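From a predicted model like this one, the values you see are computed outputs, not experimental measurements.
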Amino acid sequence: MNNKLTIYKDNKIVEASYRLTLNEQRLVLACIGQVNSFEALAATNRFDVSVSDFSTLFGITEKRAYRELKSVINTLYERSITIMDERSVTGKATFRWISAKYHDLVKQTIGLRFSPDILPYLSKLESAFTKYQIQYVSGMKSVYSMRIYEMLVQWRTTKSVAITIASMRHQLQLDGKYPAFADIEA
């Protein structure tokens, strides 16, 4: 695994409402970077990230990477994402990020399987997706910076975008937090 991994996400994920910690986001990205986004992805596909790879990708010590990954895989299993879905009665669909987690102490590897509901937003992408290399976010220290970067990259070909503060707050799940826009730090 190297710093040149390319992340492909359906724009519905970029625009979705979810909250992950920095290291949960990093693990998700390290796994998404392994997906061949133009082929079908099965619910049985497992994505592994070694302590060494995580350390290298995100510029942290292996000791810290091990500790973070061990913690992250448990909390990530509980996280959900809400995507705007016109097929749903409510116009939204909420589901978990992952359906299974693995921890191999001998190989010092964390593995996961994405939930079946999220697979269509990561694989067989034909249009309306966002693409960037992980190296552009790997040094970021804030999950908000990563999310805002994705939001902006989504519109890079148009060279212009208008995102309302309310929309951004919803996507970042900041409702009721940081009442003044100036309080949001990169």
So CE of Met146 and CG of Leu22: to nearest 0.5 Å the spacing works out to 5.5 Å

Worksheet item: Using 30° and 60° as the class limits, which term best fits the ring planes of His103 and Tyr66: parallel, tilted or perpendicular?
Response: tilted

Separation between CD1 (Ile73) and CD1 (Ile98), nearest 0.5 Å, reads 4.5 Å

Only one of Asn23, Asp53, Ile134 passes side chain to side chain contact (heavy atoms under 4.5 Å, CB included) with Phe58, and that residue is Ile134

Is the shortest heavy-atom distance from the side chain of Phe54 to the side chain of Ile110 under 4.5 Å?
no

Between Tyr102 and Val35, is there a shared hydrophobic cluster once you connect ILVMFWY residues whose side-chain heavy atoms come closer than 4.5 Å?
no

Check: Leu29 and Tyr132 side chains under 4.5 Å, non-hydrogen atoms: yes

Rounding to 0.5 Å, atoms CD1 (Ile81) and NZ (Lys92) come to a distance of 13.5 Å

Query raised in the report: Are Lys4 and Gln133 close enough that some pair of their side-chain heavy atoms sits under 4.5 Å apart?
Result: yes

TODO: For Leu112 and Trp97, run side-chain contact (heavy atoms from CB on, under 4.5 Å): C-alpha distance rounded to whole Å, both residues' side-chain angles, the deciding distance at 0.1 Å, then the answer.
DONE: CA-CA 10 Å; Leu112 61 83; Trp97 276 97; over 6 Å; no

Gln34 side-chain N/O to Asp48 backbone N/O, donor-acceptor pair under 3.5 Å:
yes

Intermediate values then yes/no, side-chain contact (heavy atoms from CB on, under 4.5 Å), Glu150 and Gln25: CA-CA 12 Å; Glu150 285 183 348; Gln25 179 80 335; 4.1 Å; yes

When every non-hydrogen atom of Val49 is compared with those of Leu69, the smallest separation belongs to O-CD1, 4.4 Å

Taken to the nearest 0.5 Å, the spacing of Ser99 OG from Leu119 CG works out to 7.5 Å

For Glu39, the salt bridge (charged side-chain N to carboxylate O under 4.0 Å, His left out) test, sequence neighbours excluded, returns none

So salt bridge (charged side-chain N to carboxylate O under 4.0 Å, His left out) across residues 96-113, not counting sequence neighbours, yields Glu78-Arg96

task: Specify whether Phe114 and Phe47 have parallel, tilted or perpendicular ring planes, treating 30° as the upper limit for parallel and 60° as the lower limit for perpendicular.
output: tilted

Problem - Any donor-acceptor pair under 3.5 Å from Thr56 side chain to Ser52 backbone - result: yes

Residue pairs passing the salt bridge (charged side-chain N to carboxylate O under 4.0 Å, His left out) test with at least one member in residues 24-38, sequence neighbours excluded, are Glu24-Arg79

Tightest non-hydrogen contact, residues Pro116 and Ala43, listed as CG-CB, 4.1 Å

- [ ] Given side-chain contact (heavy atoms from CB on, under 4.5 Å), test Ile13 with Ile118 step by step and report yes or no.
- [x] CA-CA 9 Å; Ile13 290 181; Ile118 206 164; 4.0 Å; yes

Residue pairs meeting salt bridge (charged side-chain N to carboxylate O under 4.0 Å, His left out), one or both in residues 122-138, sequence neighbours left out, come to none

Thr61 meets the side-chain contact (heavy atoms from CB on, under 4.5 Å) criterion, sequence neighbours left out, with Lys63, Arg64

Counting C-beta onward and ignoring hydrogens, is there a side-chain heavy-atom pair between Phe95 and Ile83 closer than 4.5 Å?
yes

Discussion item. Taking Pro120's backbone N and O only, do any of them form a donor-acceptor pair with Ser123's side chain (distance below 3.5 Å, no angle check)?
Written reply: no

| said: Within the structure provided, determine whether Ser50 and Gln108 are in side-chain contact (heavy-atom separation under 4.5 Å). | reply: no

dist Tyr121:OH -> Ser115:OG (nearest 0.5 Å) comes out at 10.0 Å

Closest heavy-atom pair, Thr82 versus Ala16, reported as atoms and distance to 0.1 Å, is O-CB, 3.2 Å

Note: Gly33 and Leu5 closest approach over all heavy atoms is O-CD2, 3.6 Å

Cluster membership besides Phe129, Ile/Leu/Val/Met/Phe/Trp/Tyr side chains within less than 4.5 angstrom, sorted by chain and number, is Tyr8, Phe38, Leu125

